[in-house]
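Data first, discussion second: the structure below is written as structure tokens.
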2 protein chains.
Amino acid sequence: MARQVEPVSMEDVARRAGVSTATVSRTLRGLPNVSADTRGRVLAAAAELSYVVSPIASRLASRRTHTVGVVVPHAARWYFSKVVAGAEEVLREAGLDLLLYSLGDLSARTRFFDQLPLRRRVDAVLTVAMPLTEPEYEAVHTLGVPVVATGLRATGTHCVRIDDTGVMLTAVEHLAGLGHRRIGMISTYADQSMWLPVAHERRAGYLAGLAVTGLPVEPDLVVSVPFGVSGGERAMRRLMERPDPPSAVVAESDELAFGAVAAARRMGLAVPGDVSVVGIDDHDLSDVMDLTTVRQEVVEQGVQAGRMIVRAVQHPGEEPRELVLPTSLVVRGSTAPVAGSSP
Amino acid sequence: MARQVEPVSMEDVARRAGVSTATVSRTLRGLPNVSADTRGRVLAAAAELSYVVSPIASRLASRRTHTVGVVVPHAARWYFSKVVAGAEEVLREAGLDLLLYSLGDLSARTRFFDQLPLRRRVDAVLTVAMPLTEPEYEAVHTLGVPVVATGLRATGTHCVRIDDTGVMLTAVEHLAGLGHRRIGMISTYADQSMWLPVAHERRAGYLAGLAVTGLPVEPDLVVSVPFGVSGGERAMRRLMERPDPPSAVVAESDELAFGAVAAARRMGLAVPGDVSVVGIDDHDLSDVMDLTTVRQEVVEQGVQAGRMIVRAVQHPGEEPRELVLPTSLVVRGSTAPVAGSSP
DNA sequence: TTGTAAGCGTTATCAG
DNA sequence: CTGATAACGCTTACAA
């Protein structure tokens, strides 16, 4: 068992190679001003001792942490884990450590922004679908490091997102194109002030869709529920129990739509026969659920955010960039022409 | 904009409080040998300067990293993200940083265990459902820090898991109890050597279930596919296209079962009318899919693993513990008595 | 209880 | 191209 009992230090390597620690450091970091001969001896010595630099000492001396803080509202949810996975790959390959913070409940979040455990600890911050309050925003900027946000429009920081208004507009247009004239929407409450802006924009997209297709706005056809499958169920029940239920429903996300489809069927309604349903995301399970949806590339958002981080770490103080990724309608079996319309 | 221009150091605090840095250090770490009076002055000074210790300097001096490396095969998948989320909460509250490594493809994995970027960087390692090869195991132990594994049986390290044989046995017994005599199984290939042991144990549980209920083994009724929804679809098609298809199928996991249910329905078969399906997990979407399953508490596994980590960091060198969490059958609408049997 | 001073293992500056 | 040597910002004996 090759348990590494006493850690090797740079001095050990230097001694063995017959050079100074400064030269070892230069060599190991790939700096140009080392002769080929010396470089060889140093690398050999390092290899023989199976030496690795202590990242901690290196960080203290260089004053760079080589670490990025990734802050998410809920690490276990579909969207967030995808983004994190995408970013992780890029960061790992760039040699940056990824420090994960999941701030599910409000107290954790409050403590986080109060104490700011990221202070002196990261070179950059990635916030994943976290609308920050003004004080939170200030707190993060106190860190003095670049920030990139995903999942929502951000001002003052880099960001990668989709057109949240546009996706909903696409969904409504699809339904209107199938002849639906009364389209409901399943929206979400502010989930502890997370997601608020996205919910807002998607609602705006819904309204824009109605406007574009010349449909009247019926405020009662928009119901707001907490995020999640069971929220979707509840919303659908509320919509379909009305005396004049809509013939189609758009949901703010696929997970809500899953609940909606299930609820409709449990009520004895046929999907898409009695009611069509469209979601947003193209969740991994949307295909088996046969759900029509507007796809967004979530892992790709993480990848792009990771790249932005890497760039920002290398060139801090650059103008905030905004990257809007494309989305696309995926038609499946949960939508059909409205009953009684011409095919 | 309160951008923190010049970081405050412990010396600044010491000066302001009229004490030495040693005393500041003792105070801030809550050591007992500081007079109440001094403590007050130090805390006040620190607060006024809004000082926080540099974790990096602290780590270099104390030779403890306060960091745990979390290694997962695929950060974006349901099981892994849940475990990570559970562990994250515990670790964050214990003041430990969580360094995430997702080793999806083989080359990333190879590089990881070759270079071992965790060296000198973590106080403990958490492996999430990662069966390690012998060399990988050796490599990790080279780190000289405690290791805890989740999701599978481990020898030589702490571990938290479920009874993977038992869950499958439960599933088969449920079906046999409904009168099913010919039960198929959807199993998985080694996914880059990940999960292998789990697949093996669940297959063993399936066989044990047949034995216990007195059913004959039909090797052709076990089909292996890559993990995932589409794997489940393919497997189900292969099973149901046989001249003598089974009347029920158990899947190694819910995601496979989702695919199986969808495939059956696309083939025009009724679930559970023509074929019953059982999964393992109780995935977030199993309820809307109306899938009978054997539930495991995945977040809880992460929480318990996190606690083990915390304990192990405080008392390294303790005997490896093993924690086996309970599971439970959740009967939903994807299973029914076999057609033609008495109710 | 408190202070002094020697590390911790690098990087970085400045001569040579 | 290479080597001293002073940081880096804290912890920790050891003294007082």
Side-chain angles (χ1 to χ4, degrees), chain A residues 4-43 45-46 49-67 95 97 117 119-123 144, chain B residues 4-43 45-46 49-67 95 97 117 119-123 144:
Chain A
Q4 179 167 328
V5 179
E6 35 189 312
V8 187
S9 86
M10 195 173 261
E11 253 193 63
D12 301 318
V13 178
R15 216 178 344 256
R16 184 170 191 118
V19 297
S20 70
T21 62
T23 298
V24 174
S25 178
R26 283 190 279 256
T27 303
L28 263 28
R29 281 180 297 153
L31 297 191
N33 45 349
V34 180
S35 76
D37 176 51
T38 307
R39 174 181 308 283
R41 290 213 316 284
V42 170
L43 292 178
L49 300 173
S50 76
Y51 167 78
V52 282
V53 306
S54 157
I56 292 180
S58 165
R59 287 163 188 193
L60 178 58
S62 68
R63 305 162 128 294
R64 302 191 63 237
T65 66
H66 288 282
T67 300
D97 282 348
R119 275 197 281 184
R120 296 160 153 252
R121 188 169 310 208
V122 296
D123 290 340
Chain B
Q4 180 167 327
V5 179
E6 35 188 314
V8 188
S9 85
M10 195 173 261
E11 253 193 64
D12 301 318
V13 177
R15 215 178 344 256
R16 184 169 191 119
V19 297
S20 70
T21 62
T23 299
V24 175
S25 176
R26 286 190 277 256
T27 304
L28 264 28
R29 281 179 298 150
L31 297 190
N33 46 349
V34 180
S35 76
D37 176 50
T38 308
R39 174 180 308 282
R41 290 213 314 286
V42 169
L43 292 178
L49 299 173
S50 76
Y51 167 78
V52 281
V53 306
S54 157
I56 292 180
S58 164
R59 287 162 187 193
L60 178 58
S62 67
R63 306 160 129 294
R64 303 191 62 238
T65 66
H66 289 283
T67 300
D97 282 348
R119 275 197 280 184
R120 297 162 153 253
R121 189 170 308 212
V122 295
D123 290 339

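Worth knowing before you read on, the calculation uses all heavy atoms, side chains too, and leaves out hydrogens, waters and symmetry mates. Chain naming here is simple, since letters A, B, ... match the order of the sequence lines and numbering starts at 1 in each.
- Looking at A:R119 and B:S50, their side chains come closer than 4.5 Å, going by heavy atoms from C-beta outward.
- Taking atom CZ on A:R119 and atom P on D:dG9, their separation rounds to 15 Å, with Å as the unit.
- Remark: P of D:dC10 and NE2 of B:H66 are 14 Å apart, rounded to the nearest angstrom.
- In this structure, the CG atom of A:L31 is 13 Å from the C1' atom of C:dT10, given to the nearest Å.
- Within the 4.5 Å cutoff, the side chain of A:D37 has heavy atoms near those of the A:R41 side chain.
- The structure places OG of A:S20 at 12.5 Å from CZ of A:R15, a figure rounded to the nearest 0.5 Å.
- Atom P of nucleotide C:dA12 and atom CG of A:L28 are separated by 14 Å, given to the nearest angstrom.
- One interatomic measurement links the two molecules: CD of B:E11 to C1' of D:dC10, which rounds to 11 Å at whole-angstrom precision.
- Positionally, the nearest nucleotide of DNA chain D for A:S35 lies more toward the 5' end than for the other of B:Y51 and A:S35.
- Regarding B:M10, its CE atom lies at a distance of 13 Å from the P atom of C:dG3, rounded to whole Å.
- Remark: A:M10 CE to A:T27 OG1 distance equals 9.0 Å, nearest 0.5 Å.
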- Item | Pair A:V8-A:R16, side chain to side chain contact (heavy atoms under 4.5 Å, CB included): steps then yes or no | CA-CA 11 Å; A:V8 187; A:R16 184 170 191 118; over 6 Å; no
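- Regarding contacts with the backbone of D:dC10, a side-chain N or O of A:R120 is found under 4.0 angstrom from either OP1 or OP2.
- When the side-chain nitrogen and oxygen atoms of B:S25 are compared with OP1 and OP2 of D:dC10, none of them lie within a distance under 4.0 Å.
- Atom CZ of A:R64 is separated from atom C1' of C:dT11 by 13 Å (rounded to the nearest Å).
- Nearer the 5' end of DNA chain C, as judged by each residue's closest nucleotide, is the contact made by B:V34, out of A:R29 and B:V34.
- Looking at every heavy atom in both residues, A:V52 comes nearest to B:R120 through O-NE, 3.3 Å.
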- Spell out protein contact along nucleotides 3-8 of chain D as letters: B when the base is contacted, S when just the sugar-phosphate is, - when no protein heavy atom is under 4.0 Å; keep the 5' to 3' order. BB---B
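- In this structure, A:R41 atom CZ and D:dC1 atom P are separated by 14 Å, rounded to whole Å.
- Side-chain contact check for B:T38 versus B:R26: every heavy-atom pair is 4.5 Å or farther apart.
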